[in-house]
Amino acid sequence: MLHYIPVFCFWLFVAATLLQMALWWGVFKRLASFQAPCEKRNDEIPVDLPDASVVVCARNEAANLRRYLPLILAQEYRGDWEVVVVDDASTDETAIVLQEFCEKNERLRVVRLNDKVFPGKKYALSQGVAAARFGHLFLTDADCEPASVHWLWRMAETFMAKPETEIVLGYGPVKASGTKAINAWNRFETAHTAIQYFSFALAGMPYMGVGRNLAWKRQVFDR
């Protein structure tokens with residue numbers, strides 16, 4: 001009987017592999033054939049967009065804010081919207097940079113945290129959400145560049161396509177930087193992760209998104 005054990009193990013391995021492949025195909029095929037229901041080929045901005053709050057957490061991001069915050073503030077959007085930047089106890093010139101932007105743009109609001117009490121940005125994000133005026137929250141990072149001046153409304157229109165939608169997942173690709181090998185790995189890892197969370201979301205099993213390109217309704221946070 002012992003000589004049957006290797007054969008049994010081999011076919012058990014084959015069966016498990018085929019089952020896993022079938023499960024992966026059932027999940028990932030949805031992304032391969034996905035077409036956004038509200039995708040437009042033109043740049044005509046809808047008029048029925050929801051009020052929007054863009055929340056950005058920044059800690060020692062003075063240089064990035066100078067570079068990317070103007071691009072966020074330059075978004076073309078029909079409807080009331082604002083940008084809330086949380087200065088997460090920065091020790092560089094972040095506060096000065098934000099003050100300069102506030103003097104030039106009434107749409108920008110700043111939340112200043114004087115002490116770094118908790119690691120990470122969860123607490124800072126919660127303070128930004130609490131300060132936001134509107135019910136649709138759009139998240140990005142201080143070191144990220146919007147894809148275009150249409151980034152905000154293209155994210156927002158997804159909520160309008162299906163009123164029951166509560167969370168919108170976006171993709172945040174990595175631009176070329178650093179050494180060739182490191183950049184190639186970063187781009188691969190980002191794309192590979194996106195394939196997984198997009199596919200599982202389409203299969204009705206969402207489990208994550210990236211904070212640099214994400215949107216949700218306030219009631220999700222409240223729950």
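Formation of a donor-acceptor pair under 3.5 Å by the D141 side chain with backbone atoms of D143 is not found in this model. Judged by distance alone, the side chain of T140 and the main-chain N or O of R212 form a donor-acceptor pair under 3.5 Å. Side chain of D88 to main chain of A124: no donor-acceptor pair is present (N/O by atom type, distance under 3.5 Å, no hydrogens or angles).
With sequence neighbours left out, the side-chain contact (heavy atoms from CB on, under 4.5 Å) criterion links F28 to W24, I195, Q196, S199.
The residue from R109, R218, E82 that alone fulfils the side chain to side chain donor-acceptor pair (under 3.5 Å) condition with S53 is E82.
Aromatic ring orientation, F138 versus H136: parallel (interplanar angle below 30°, classes split at 30° and 60°).
In plain terms, the two heavy atoms of A89 and D115 that are nearest each other are CB-C, 3.7 Å. When every heavy atom of G170 is checked against every heavy atom of V210, the shortest pair comes out as O-CG2, 3.7 Å. Here the closest heavy-atom approach between residue F159 and residue I167 is recorded as CE2-N, 4.2 Å. Summarising the geometry of W81 relative to I72, their closest heavy-atom pair is CH2-O, 3.4 Å, with the distance given to 0.1 Å.
When the side chains of ILVMFWY residues are joined at heavy-atom separations under 4.5 Å, either directly or via intervening members, Y207 and F198 end up in a single hydrophobic cluster.
Looking only at atom types and distance, the side chain of T94 has no donor-acceptor partner in the side chain of E61 under 3.5 Å away.
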